[in-house]
Each structure stands twice: as C-alpha cells, then as structure tokens.
Engineer: 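Take this structure first; my questions come after.
Here the structure is a predicted model, which means the values were calculated and not measured. Residue numbers start from 1 in every chain, and the chains themselves are labelled A, B, ... in the order their sequence lines are given, proteins ahead of strands.
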There are 2 protein chains.
Amino acid sequence: MDTHPPWSYCRTTLTRPYSQCALSKRFTSLESWMVTLAEVAQHAGVSASTVSYVLSGKRSISATTRHRVEQSIRELGYHPNAGARALASSRSNIIALMIPLRTDMYVPVMMEIAIAVATTARTHGYDVLLLTGEEGPDAVRRVTGSGLADAMILMDVELDDERLPLLRDTDQPSVLIGLPADTSGLTCVDLDFRATGALCVEHLAMLGHRDIAVIGEAPAVYERHTGFAERTLDGLRSRAQELGARLLHRPCEGGYDAMAVTLARIFDERPGTTGFVVQNESAVEPLLALLRQQGRAVPEDVSVVAICPDQVAVQASVRLTSVSIPAQEMGRHAVEHLVAKLDGRGEDEVVLIAPELTVRTSSGPAAS
Amino acid sequence: MDTHPPWSYCRTTLTRPYSQCALSKRFTSLESWMVTLAEVAQHAGVSASTVSYVLSGKRSISATTRHRVEQSIRELGYHPNAGARALASSRSNIIALMIPLRTDMYVPVMMEIAIAVATTARTHGYDVLLLTGEEGPDAVRRVTGSGLADAMILMDVELDDERLPLLRDTDQPSVLIGLPADTSGLTCVDLDFRATGALCVEHLAMLGHRDIAVIGEAPAVYERHTGFAERTLDGLRSRAQELGARLLHRPCEGGYDAMAVTLARIFDERPGTTGFVVQNESAVEPLLALLRQQGRAVPEDVSVVAICPDQVAVQASVRLTSVSIPAQEMGRHAVEHLVAKLDGRGEDEVVLIAPELTVRTSSGPAAS
DNA sequence: ATAGGTTGTCGAAGCGCTTCGACAGCGATT
DNA sequence: AATCGCTGTCGAAGCGCTTCGACAACCTAT
C-alpha cells in the first residue's frame, strides 16, 4: 500500500476541497476515473462555461477556442455526466418506451418497433428507457415525476387505457402506438387497420371470392379491447357489405391444433368458402398446412391474404399476399414526433399509415 | 393575465433566492410542477437530510418521524429527481441492455430476455436502458463514460467481440449473455449449448437412430462466429462419435424454399436419415411440412428434435420434442448477478445453464 | 451524579453541469 | 475622438439530492 498523502495524487491544480479525498478514492475504488468539464476547461485553458457552450452551441465561440476545446475533449476522452446534465438542464435526453409484457402476439413486430425507436432516438441524441407494462399506470407517474425521461412512447394501447388520463394530465410529450377510443389531446401512430381490413376484402372480392373467412386474433385480444383487432374487423365487414361478399369471422388462438378446430368449423358452416384473411401470425403456417392436407390448393382452390410483417409473408410455405405491418415506420415516426415536440415544434395529431397490399402467390381468381 | 408579483405565488416559505422566478415560471411553462425533497421536508417539519435518510434507510430514523415523512411524501406525490440523485450518489440505478440490431435470428428469445431483464431489474429498483448494437463499442464508452448506467448486459456476443476489451478495462460490472472465446475477467450466462447438442444426439441415438441430420442456423451465423452455433455443433459431433451415430450438418437460412433445398440435399447424400436436430426456429415448420409432403411420418418414419423456445415447440404442427432455450432464466440471472456486484457481492463467473430435453410427440424409436 | 455510549436529527458542502448577466475588446458609426 | 453594438469569454449561482460530521437528548453503567 502506498503511504503518500492523498493530495500528492492530484492531477490538476483546481481547488477542490472535497475532491482530494475523492481523488484518492478514485484510485482505490471500483469507480473508473471520470473526466469532468472543469478538467477539460483547464486543459484547454478556458473557463468551464466556455466548454459548455462549445458542447451545446448555444453561444458563439471563436473557431480557435472551439478547436482547442474539442482537442482537449478528445485527448482526455471526456464524456459529459448524464446525471449532472439532467439536473442542470432538466432534460434527461431519454425517451421511455413502454412495451407490453405479454408475448402472445406480434412479438417480431414489437421487437422491430423497439429497435426502430432505439436507433431513431440515437440519431437525435436520445437514449431509450425500456419499461414493461407490468407496472401499469404507476410507471407513467414514476417516469414523469422523477424526470427520468423527457417523453414516452406507449405500445399496445387498449381502447380505454388507464394510462391515458395520466398522459393528458402531464405536460410531458407522448406518442401512442395504437389507437384508443378517445384520442383527444393525444398523439397516436398506427396502421390504418380499418383500411387494411377493407383492402383485404377488396382484393379477394375483386378476384371473385364471395365467401370469405377471417381468421382473427386470439379471443383474449378481442376481450382486452385492443383497438386494432376491432378496427380491422370493422373495415372487413363494411367493405364486404359494400361489395356483396359474405364474411365469417372466427377468432383463433394460433397454433396447429386450434387452427384445425377453427378451420373445420368454418367449412362446416360455409362449405363454399374460398377466401381467407388471416390476422394472427401464428395461425398462418398451420392454416396453409391444413389446407394442403385437405387437398385444397393455394391459390387454385382457395386464396389467402395475411396481415403480417413482410418477413413472415415471404418465409411462409406459400409466398403470401399480404398487407404488411410497417413497424419500422411507426417507431421512427413516433420518435420524430416526440423530438419535434421537445423542440417546441409539433402538434397533437393522429397519424394513420395507409396500408399497402402486396400480391404474392397465395391469392388468385376464384374458381367458377 | 394575472398581475400579481411572482412571489405571491409562493407555496412555501423556503428561502430560495432564484426560485421565485423559478416558481412563477413553473406556472407558465410546459413543465409540470415537481415536488422536491426540500418541500417534503418542510411539509413534514424536518430537515432535508432526514427525508433523504427515510428514503434510503441509511441511518436510523424514529418511527414517528418516519411516518410523518412518509405521509408527506404521499400527500405531495413526491418522486425523487433521477438526475439529482444520480449526480449526488454517482449511481443512476439504470442497467444498460445492448441488443443486436439484426433480426435474423432468435427474435422471440431476445424479446423474452429483454422483458425478463426489465422486470427483474425493476424488482431491484433498477430501470433498463435499451441500446442497439448499431453504435458498437462506442456505446460502451458512452455509457460508462457518462454514468448513464451503472452496469451493462450484452447480448449476442461474438467469439471475439470487439466490445470485450472495453468491458475488461472498465470497472463497471457487466454480464454477457453468450460465451466469447476468452472469458477471463468476464461474467457470462448462457445455455450450455455443447451439452444441448450432446443431449439431442443422445436422445435420438438411444431411440436407435444411426443417421442424424442437423439443420443448423443460417450460414451467416456461423461466419459471424457466434459461439453458440459452434458449441452446439461441437456437442453434437463429439457425442455422435461416442455413440457411433453418423452426423450430417447443414446450415439453413430458414423459410420454406431454403429448407426444401437443404432437405433434398440431405436425403440425396444420406437416404437413410431418420433423425433430425433443428436449431433454426424458422426452419422448423417448413421441415415438418416438407416431411409430411414427402410422406414421411413424424415420429413413425423420422424423428425431429428442436432447439427452440417451448412456445414454438408446443405450437408447431407436431408437438416437438425439444431442448428449450431458457430466455427468462438467463435474463433474470444476468440482472441478479449485476445487482449483486453493484452491492459489492458477487464474483466473475461463467454460468452455463444445463439443458433440459422435453420429450413430446415428434420423436420415437427408429424403424428397424 | 458523572462519564460513556447510543440514537435521531440537522446543517453544510459538494456532485458536474447549464445558464445568466457582466464585461473586455474590437471595428463601425457619427 | 467619443459612442454604440457586437462577439467571445468568464464568474457565479443554482439544479435536487446524498452524505459527513456535529451534536442534543437520552440511557446505561459506574
């Protein structure tokens, strides 16, 4: 052990009454050495505020000074301390992302959104805090109350979500991915599921299909009043009516066994069914397998349209005609809206992304 | 507009030279009112430090005082300011989680790990910061340098990962999910993929299968030197040799078309193949469909063992015999190790979770 | 009664940063 | 030559919290 008095370790001549012990602590403790603004300032021979202004660009700084400071920052490997910055500026530069706990649906989509949110946030200088739905409304309180995050993004919003009043109350910007019943005072981003439903029916109807079955999400999803499922159904039904097609909607858990039961019931009730719309990813492959097994060829005998990420549509055993879920776009849009709001731009708005149907090889003209 | 002088808005009698304008600002700005420690202290009639000690429990406080303070906290809806706390204590109470950018493998597993990490972290009072691999090693520097997080968890670690030297250098605790080539000075958690491979072969060999085909991950995964793929293969091969089984390993992109090609080649080369080990989730269902299509019954003619999450194994068109990937356990373990380290307990260690094989209906005795 | 040890509370300093007002220095304007 | 406005820089205060040392008040052994 070293017996030098602690102050002999001082690297700087700054007067820091407390920090002499702090300094010596740094060499023995587990904390790695942190370079501070003041040290950069000293190294560059300027004041701390100057360094701060170089960093933030909030005041003009001469080119020479700026370069000197930047040089020092690089040499010392300086990184501003996040806590101090947050305290002084009351901005954490963090966006909270609240994802649902359950993994019963849309896992790849959620992941894609999360990744899009994280990468987009970084390009704007923000980090992302991951919250699970578990805490419920308390998480909203905690985050807004503690200044942990500057803004939040909520996924898997239910029609009458209990977190909404809190969001309306706070002045912290937020974006919902999904569409609640009452959107007043809120910003939402979602696929236009109503138009999606309409588009699917339209595609099948135009191909001459009159009896169309809809394989929906698991019953739990409808019970939970997740808006998108109901809106899709709404779009499907109204367009079907307009076009004179008969629609049969059946929720389905997904998986092979559940799909088998559901499919049997469908053909039982409507033997002439030739068109399928599938909204549940985990029912897609089982459906195709079962149809094949029953000797119904896709797309010769029956047509299938899926609502799913492109990756699923392409990797399936039949390349699926599908409306894709624009996960990346939603994530990116949500972040960009928040950043705009944090910069004082941007208004509350509801953005419904127009669906796009890609025709692949799972749909074709109805046999006549 | 109100014309009262700003100080008439003062809710408290604290002497806060600056805060009079701060106070008036609060009523006009977008920031929602934030309750501070000092206000709680005043409301409870104690000093700020007392409130702090009530919160942290680091000094004994009389029951009466504690209750009074807790009451005030509740009444005022106080939440400690995260930035201030981080600054003063040099602890952010945040754990960084670095997830891979690519979505070419294991998406559900990653999601499950992320959720397990987030919920476990919360039970220990930590929040989770989501980083994507995009930034690469810089993210490590940024996070450790800025004190944004107290610790980090890295997923998708490659055998010779460029982030590792940085982790060894820093004194910030970290856990890898995955196993690099050199684990010295690091803590890692992973499924014992070597044992997993061995277990799969063993199961098939015991059932009498002599010709076993392995449907591996996409070629890119092997090229990237992700440890788990190679370790699995290693386990498969050595156990196969011990038990005198013939092994044929073929990487596979996943999806129906790629699987069809791969399968054709396998039967071409080893027509007598009766056992399959599948490591690529997105190849599972295509494989089953193709086998069915070729008139090979599972498990009567061929047996299939998968390495995948239980959910996939159960939802497949045949209930799959499988070794499950303990995503939750890994996530939970990683967090708990970090928390232990942050509390001054805990050592570097490599934890390999023992694989468990669940027999379902996709495997049975080889036809003789 | 006194010394010694607890226990519970307070005051003050400081964490590293941002930001405001002050002002020196300078060229441009009268 | 005196004045005005810039531009670039600095000093100081404060963000809300933690933590350390100080110290009353009490309790126990002498």
Engineer: Can you tell me the distance, in whole Å, between the CG atom of A/N93 and the P atom of C/dC17?
Structural biologist: 14 Å

Engineer: What nucleotide among C/dT18, C/dG11, D/dC10 has an atom nearest to a side-chain atom of B/S49?
Structural biologist: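 Nearest nucleotide to the side chain: C/dG11.
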
Engineer: Looking only at side-chain atoms of B/K58, point me to the closest of C/dC17, D/dT7, D/dT19.
Structural biologist: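 Out of C/dC17, D/dT7, D/dT19, the nucleotide with an atom closest to B/K58's side chain is D/dT19.
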
Engineer: For B/G45 and for B/A88, locate the closest nucleotide of DNA chain C by heavy-atom distance; then report the residue assigned to the nucleotide nearer the 5' terminus.
Structural biologist: B/G45

Engineer: Between B/R142 and B/E135, is the closest basic N to carboxylate O distance under 4.0 Å?
Structural biologist: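 Salt bridge between B/E135 and B/R142, a charged N being under 4.0 Å from a carboxylate O: yes.
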
Engineer: Specify the residue among B/L87 and B/T50 whose closest nucleotide of DNA chain C lies further upstream toward the 5′ end.
Structural biologist: B/T50

Engineer: Check whether the side chain of B/R59 and the base of D/dG21 form a donor-acceptor pair under 3.5 Å.
Structural biologist: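 Looking at the base of D/dG21, it does pair with a donor or acceptor on the side chain of B/R59 (distance under 3.5 Å).
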
Engineer: Please state how far atom CZ in A/R91 lies from atom P in C/dT18, giving the value in whole angstrom units.
Structural biologist: 13 Å

Engineer: For the pair made of CG in B/L76 and C1' in D/dG16, what is the distance, rounded to whole Å?
Structural biologist: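 My rounded result for the distance is 15 Å.
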
Engineer: Figure out the CD/P separation between A/Q42 and D/dT9, and round it to whole Å.
Structural biologist: 18 Å

Engineer: Can you tell me which residue among A/E347, A/H337, A/E349 is in a side chain to side chain donor-acceptor pair (under 3.5 Å) with A/T187?
Structural biologist: A/H337

Engineer: Just to confirm, is there a sub-4.0 Å distance from OP1 or OP2 of D/dT18 to any side-chain nitrogen or oxygen of B/S52?
Structural biologist: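 Answer is yes, contact under 4.0 Å.
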
Engineer: Select from A/S89 and A/V46 the residue whose nearest nucleotide in DNA chain D is closer to the 5' end of that strand.
Structural biologist: A/V46

Engineer: Which part of the nucleic acid, if any, lies within reach of B/I61 when heavy atoms closer than 4.0 Å are counted: base, sugar-phosphate only, or nothing?
Structural biologist: sugar-phosphate

Engineer: Does A/T144 use its side chain to pair, donor to acceptor, with the backbone of A/V140 at less than 3.5 Å?
Structural biologist: yes

Engineer: Is B/D138 salt-bridged to A/R122, going by a charged N under 4.0 Å from an acidic O?
Structural biologist: no

Engineer: Side chain of A/Y53 only, heavy atoms from C-beta on: which candidate in C/dC17, C/dT19, C/dT7 is closest?
Structural biologist: C/dT19

Engineer: For the side chain of B/S47, starting at C-beta, report the closest nucleotide among C/dC10, D/dG16, C/dG16.
Structural biologist: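 For B/S47, the side-chain atoms sit closest to C/dC10.
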
Engineer: Given atom CG of B/L37 and atom C1' of D/dC17, what is their separation to the nearest angstrom?
Structural biologist: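 To the nearest whole Å, that distance equals 6 Å.
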
Engineer: Rounded to whole angstroms, how far apart are CZ on A/R85 and C1' on C/dC15?
Structural biologist: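 It is 16 Å, rounded to the nearest whole Å.
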
Engineer: Which nucleotide wins on minimum distance to the side chain of B/A84, given the candidates D/dT19, D/dG16, C/dC17?
Structural biologist: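 Of D/dT19, D/dG16, C/dC17, D/dG16 is nearest to the side chain of B/A84.
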
Engineer: Can you tell me how far P of C/dG14 sits from CE of A/M34, to the nearest Å?
Structural biologist: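 Roughly 19 Å, once rounded to whole Å.
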
Engineer: In whole Å, I'd like the distance from the CG atom of B/L55 to the P atom of D/dT18.
Structural biologist: 7 Å

Engineer: Heavy atoms only, 4.0 Å cut-off, all strands: where does B/S62 land among base, sugar-phosphate and nothing?
Structural biologist: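 Sugar-phosphate contact only - B/S62 comes under 4.0 Å of backbone atoms but never of a base.
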
Engineer: Kindly indicate whether the side chain of B/I73, heavy atoms from C-beta on, has any atom under 4.5 Å from the side chain of B/V69.
Structural biologist: yes

